Protein chains: 2
Amino acid sequence: MYSMGTSTAERLIESTRELLWERGYAATSPKAIQQRAGAGQGSMYHHFAGKPDLALAAITRTAQEMRAKAEAQFSTPGTAVERITAYLLREREVLKGCPIGGLTQDPDLMADPALRAPVEETLAWLRGRLAEVVAEGCRDGELDAALDPQTTAAAIVAVLQGGYVLARAADSVDPFDQAVTGALGLLAGRTTSA
Amino acid sequence: MYSMGTSTAERLIESTRELLWERGYAATSPKAIQQRAGAGQGSMYHHFAGKPDLALAAITRTAQEMRAKAEAQFSTPGTAVERITAYLLREREVLKGCPIGGLTQDPDLMADPALRAPVEETLAWLRGRLAEVVAEGCRDGELDAALDPQTTAAAIVAVLQGGYVLARAADSVDPFDQAVTGALGLLAGRTTSA
DNA sequence: GTCTATAGGACGATAGAC
DNA sequence: GTCTATCGTCCTATAGAC
């Protein structure tokens, strides 16, 4: 039997995930992680080699989670436009920003190839996967065949990532919602029914 | 006559602008600013009250510059779509990210109302100003009157801000260019000529 | 107006007892 | 596996000489 309680290592990873999202990599200190996890210094350095090692565990898990949530929307029953719409309108903690995209701004994290890799791979996968959905829509005659799936998908993902930026700047979800609404409005003009 | 050489205060501001763009606020130390400006500690603290004061001078100037560059594209001769296209295709240092939008991710900066204000105002102005251009296009019959200027403008600004994020994640300008191309492709379907 | 010296604290990490 | 003590460094800022 495995322990049924939450292990110290587990609490350290979850605390790191939260702090990475709230404060970023550079601004997150081992001390802050330990305090949130209710663990001492020695405990942290027993389970992890250091701050980068712990961050890697946290980022890997967050990336996996983000991918799973997106895939859940993309592989749902419905037309391509319905699935894209559902993905765009999915509930998000907008003011906290994207837990993966936000890391892009952290110079120390991006300088470490191991930490950078999951960020790069996750967003590349997202663009590629969404391009497949757009391509389905074009193939099925639901979307204008003149639309390029790859660039259209990149624009849609960018609207989300940029929406987070605008919302954080305004300290309001409004710009995010407006950007999504605007993107859906532009897309609506390229559907067969339009 | 004013001094013709570059003053120490001026060099400090310019160094701060560069470092804020490259590293962000939290990761930029007074020491690093001094070294880049070729000034000593005493010199910096003589001209500025501290790191936040210097950052305010730097951010204010960067915000003003960004606004002027955008306005140059928006007030140029041409149709609304031509001006929006020119704005989107303008040369940018994509891999460095948006010098204003990137600050959005810095928790220490966003916690300071004085430092946060220029970031908030600049992006709010950008959305509003672009919405005016979109509205002109709709009014002139150049763009589909069914398009909502405000949400469409928010989407376009978000594509740029998100494009920066995707490009930095990929360490390549390609996703940025794709997002812009995708946005222009979506917009093209809503023009009268389409 | 610029310099050096120094303060007081946080940082990331290690050592070694228990 | 967890603890406390400690290291050496960097941080932001101030003091005071020149």
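In what follows, chains carry the letters A, B, and so on, assigned in the order in which the sequence lines appear, proteins first and then strands, with residues in each chain numbered from 1. Everything numeric in this text was worked out from a predicted model, so none of it was measured. Just so it is clear, the values below take in all heavy atoms, side chains as well, and ignore hydrogens, waters and symmetry mates.
For B/Phe48, there are no ring-ring contact (aromatic ring centres under 6.0 Å, His included) partners two or more places apart in sequence or in a different chain. Considering only residues two or more places apart in sequence or on other chains, B/Tyr45 meets the side-chain contact (heavy atoms from CB on, under 4.5 Å) condition with B/Pro30, B/Gln34, B/Gln41. The salt bridge (charged side-chain N to carboxylate O under 4.0 Å, His left out) test applied to A/Arg11 returns no partner, not counting sequence neighbours.
Contact between the side-chain N/O atoms of B/Thr8 and the OP1/OP2 oxygens of C/dT2 is found at a separation under 4.0 Å. For the OP1/OP2 pair of D/dT2 and a distance below 4.0 Å, the side-chain nitrogens and oxygens of A/His46 include no atom meeting the criterion.
For the pair B/Asp53 CG and D/dT12 P, the computed distance is 15 Å after rounding to whole Å. Here the C1' atom of nucleotide D/dG1 and the CZ atom of A/Phe48 are 13 Å apart, to the nearest Å. The interatomic distance linking A/Leu19 (CG) with C/dG12 (P) rounds to 11 Å, in whole Å. Going from atom NZ of B/Lys51 over to atom C1' of D/dT14 covers 18 Å, rounded to whole Å. Between the CD atom of A/Gln34 and the C1' atom of D/dA5 there is a distance of 14 Å, rounded to whole Å. Summarising the geometry, the separation between OH on A/Tyr45 and P on C/dG16 is reported as 17 Å, rounded to the nearest angstrom. In this entry the distance linking CG of A/Asp108 with P of C/dG12 reads 10 Å, nearest Å.
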Where do N or O atoms of nucleotides 3-7 of chain C meet protein N or O atoms at under 3.5 Å, pair by pair?
from  : atom 1 : to      : atom 2 : distance (Å)
C/dC3 : OP2    : B/Gly40 : N      : 2.8

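Counting side-chain heavy-atom gaps under 4.5 Å among Ile, Leu, Val, Met, Phe, Trp and Tyr, B/Trp21 is found in no cluster with other residues.
Cluster membership check: B/Val134 shares its hydrophobic cluster with A/Leu187, using side-chain heavy-atom separations under 4.5 Å among Ile, Leu, Val, Met, Phe, Trp and Tyr. Residues A/Phe74 and A/Leu147 are members of one and the same hydrophobic cluster, defined by side-chain heavy-atom contacts under 4.5 angstrom among Ile, Leu, Val, Met, Phe, Trp and Tyr.
Within the 4.5 Å cutoff, the side chain of B/Thr181 has no heavy atoms near those of the A/Asp148 side chain. Side-chain contact between B/Thr192 and B/Leu143: absent, with no pair of heavy atoms (C-beta onward) separated by less than 4.5 Å.
In summary, B/Glu121 and B/Arg67 do not engage in a salt bridge, as defined by a charged side-chain N under 4.0 Å from a carboxylate O.
Interface residues of residues 21-32 of chain A facing DNA chain D, ordered by number: none; criterion, heavy-atom separation under 4.0 Å.
Of the candidate nucleotides C/dG12, D/dT2, C/dG1, D/dT2 has the atom lying nearest to any side-chain atom of A/His47.
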